[in-house]
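One structure below.
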Amino acid sequence: MRRIAVAGASGLIGNALVRSLTADGFEVRRLVRRAARDPQEVCWDPEQEYVDAAGLAGCDAVVNLAGAGVGDRRWSEAYKQRIHDSRVLGTRALARAVAALDERPGVLVNGSAMGIYGETGDRIADEDAPPGRGFLPELCVEWEAAAAPAEEAGVRTVFARTGLVVARQGGAWGRLFPLFKAGLGGRIGDGRQYWSYIALHDEVAAIRHLLDRDDLSGPFNLTAPEPLTNREITAAMGRVLGRPTVFAVPAPVLRTVLGEMAGDVLGSARVVPRRLLESGFRFAFPGIDDAIRAALA
């Protein structure tokens, strides 16, 4: 495997993955939402379900991490539609383009999210757990189903159900770090809800593991082995950063500020990576303290 196409290469995970692959000598073709400027770019338009399939020719693998940011803004109906279309329509277009190639890539690693399980409470959810209810679970189900053309064409298809990525430069944690560094961090709601996290380094390593192993397909939870409560994570942030964590965001305030999205922030997701561990993957930063330190390095 030497040539890999990546959709969502400018995002938090995609950018880190491209850096990792490039450093190891892989040729990476980035999918871009404009005319391609060189042979390493592939033009596509997810919402219009368009992919320049010729740009995928000769690729050994395709990784799809594209999608509008779930936490980037309050969920209006228009933005929820954008979140949906950027994932479902984009995945369907990419899967169809892959399926139509004369020489297809060996694997499609398609983004997904632990949000597929919805509210789990104290119940542990591995890859066999059923989908939850609500906008995000239903979106994830549709998102994964959109990859069917590639699966039906015989392409090994993997779904990376990612948790909360511990990173300084983006995602949910990118917003938390400045608050905690300023001494303004604290639990959210009652703090009893489980947060399933993963260090950015382990996220990239897990995706590469899924790319490399020809015997792996289907859903894989990309989360650290031991989910923690928001209260425990808050304490770890204070401990590692050396800052107080006395502030708390009451649930009613969060619902006022975030609207519908507050339900997912306050909800509990106790998700574990059973299949990833069974496949032999080893986490470099399984504990929250080490994951936070790695993000700050």
Side-chain angles (χ1 to χ4, degrees), residues 1-11 13-15 17-18 20-22 24 26-68 83-113 116 127 139-162 203-204 206-220 222 275 279:
M1 187 182 297
R2 301 308 303 170
R3 182 180 297 158
I4 301 175
V6 179
S10 62
I13 300 169
N15 186 38
L17 175 64
V18 169
S20 174
L21 292 170
T22 303
D24 286 343
F26 290 87
E27 176 187 339
V28 177
R29 292 189 178 175
R30 299 170 175 82
L31 275 73
V32 296
R33 294 181 174 119
R34 52 170 171 73
R37 295 173 181 166
D38 60 57
Q40 306 311 314
E41 294 184 344
V42 180
C43 178
W44 82 319
D45 187 332
E47 285 80 4
Q48 297 301 315
E49 298 190 58
Y50 168 75
V51 181
D52 180 7
L56 301 178
C59 288
D60 301 301
V62 175
V63 180
N64 178 23
L65 301 171
I83 292 171
H84 171 278
D85 291 351
S86 64
R87 286 166 171 76
V88 176
L89 302 186
T91 295
R92 187 161 62 207
L94 200 52
R96 286 174 175 171
V98 164
L101 292 171
D102 292 332
E103 294 186 15
R104 303 181 185 100
V107 57
L108 167 63
V109 174
N110 202 75
S112 186
I116 195 167
E127 291 84 356
L139 167 66
C140 290
V141 169
E142 196 174 352
W143 188 6
E144 293 185 5
E151 287 185 284
E152 293 166 359
V155 177
R156 179 170 68 90
T157 304
V158 185
F159 301 104
R161 295 175 175 174
T162 297
E203 172 76 11
V204 170
I207 292 173
R208 294 194 55 171
H209 177 77
L210 297 173
L211 284 169
D212 290 342
R213 286 281 299 272
D214 292 340
D215 58 327
L216 303 181
S217 62
F220 284 81
L222 271 55
R275 295 194 67 210
S279 72

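- Using a cut-off of 4.0 Å between Lys/Arg side-chain N and Asp/Glu carboxylate O, Glu151 and Arg156 are scored as not salt-bridged.
- Of the possible polar contacts, none joining the Asn64 side chain to the Gly111 backbone as a donor-acceptor pair under 3.5 Å is found.
- Counting heavy-atom neighbours within 6.0 Å of Arg34 CZ, excluding the residue itself, gives a total above 12.
- Interatomic distance, Arg213 CZ to Ser279 OG, rounded to the nearest 0.5 Å: 5.5 Å.
- Heavy atoms only, all atoms of each residue included: Ala36 and Cys43 are closest at N-CB, 4.2 Å.
- Judged by distance alone, the side chains of Arg208 and Ser20 do bring a donor and an acceptor atom under 3.5 Å apart.
- The OG1 atom of Thr22 sits 9.5 Å away from atom CD1 of Ile4, with the distance rounded to the nearest 0.5 Å.
- In this structure, Arg275 contributes its side chain and Pro219 its backbone to a donor-acceptor pair below 3.5 Å.
- Under 4.0 Å is where a charged nitrogen must lie from a carboxylate oxygen, and between Arg92 and Glu49 at least one such pair does.
- Looking at every heavy atom in both residues, Ala53 comes nearest to Ala97 through CB-CB, 4.2 Å.
- Not one N or O on the side chain of Thr91 forms a donor-acceptor pair closer than 3.5 Å with the backbone of Val88.
- Looking only at distances, no side-chain donor or acceptor of Glu144 sits under 3.5 Å from a matching main-chain atom of Phe159.
- Judged by distance alone, the side chain of Thr162 and the main-chain N or O of Ala113 form no donor-acceptor pair under 3.5 Å.
- Considering CH2 of Trp143 and CG of Asn110, their distance stands at 7.0 Å, rounded to 0.5 Å.
- Within the 3.5 Å criterion, the main-chain N or O of Ala57 finds a donor-acceptor partner in the side chain of Arg29.
- Annotation for Asp215: atom CG counts as buried by contact number, over 12 foreign heavy atoms lying within 6.0 Å.
- Annotation: cation-pi geometry not satisfied between Arg161 and Phe220 (NZ/CZ under 6.0 angstrom from ring centroid, within 45° of ring axis).
- One finds a salt bridge joining Glu27 and Arg3 here, because a Lys/Arg side-chain nitrogen approaches an Asp/Glu carboxylate oxygen to under 4.0 Å.
- In this structure, the side chains of Arg33 and Tyr50 stay at 4.5 Å or more apart for every pair of heavy atoms.
- Of the inter-residue distances, the one linking Glu103 atom CD with Leu56 atom CG reads 13.5 Å to the nearest 0.5 angstrom.
- Closest non-hydrogen pair, Ala147 versus Leu108, comes out as CB-CD2, 4.3 Å.
- A distance of 11.5 Å separates CD in Glu142 from CD1 in Ile116, rounded to the nearest 0.5 Å.
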